[in-house]
Amino acid sequence: MKKAHAQHAGATDDEIRGWFAGRLPDDWFTAPVEVTTDRDEILIVGEIPAPDLPEGDNEEARASAIAARIGGFREDTRARRMRIAEEAQRRFG
């Protein structure tokens, strides 16, 4: 997820985590995201769904499928991630 630079405008870490939990689309991640804040940044880390591979595929095929899934997620969600980061910037300073 894109980093949203912020001074956090007096928001607590719990408020920030709650805002992102409510704002991020439910279908992006397989579990709740990890939200890390410091003085200047908010970092969102989440697990995207793993690709389905045929039984017996080797590590090379698995690594290639995972890399393609991550690249596709980044490309497909870029505009929306940027919009969410901009909203967070306005909300948290």
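Residues take their numbers from the sequence shown, with the count starting at 1.
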Shortest non-hydrogen pair, V35 vs R17, comes out as CB-CG, 3.4 Å
Student check: side-chain heavy atoms of D76 and R78 closer than 4.5 Å
no
Do the non-hydrogen side-chain atoms of F92 and T37 ever get within less than 4.5 Å of each other?
no
Can you tell me if CZ on R23 sees more than 12 non-hydrogen neighbours from other groups inside 6.0 Å?
yes
Is there a side-chain contact between W28 and R81 (heavy atoms, below 4.5 Å)?
yes
Using modelled atom types only, decide if a donor and an acceptor are shared between the side chain of T77 and the backbone of F73 within a distance under 3.5 Å.
yes
Return yes if some donor-acceptor pair links the side-chain N/O of T30 with the main-chain N/O of I48 below 3.5 Å, else return no.
no
So, do I84 and L24 sit near enough that their side-chain heavy atoms are less than 4.5 Å apart?
yes
Given the rule in the salt bridge (charged side-chain N to carboxylate O under 4.0 Å, His left out) test, do E15 and R91 qualify, once you have shown the distances and angles that lead to the verdict?
CA-CA 11 Å; E15 180 182 359; R91 181 176 180 96; 3.6 Å; yes
Indicate yes or no for a side-chain donor-acceptor contact from R69 to the backbone of P49 under 3.5 Å, with no hydrogens or angles considered.
yes
Which pair of heavy atoms, one from F20 and one from A88, lies closest together, and at what distance?
CZ-CB, 3.6 Å
Within the 4.5 Å heavy-atom criterion, are I16 and D14 side-chain neighbours or not?
no
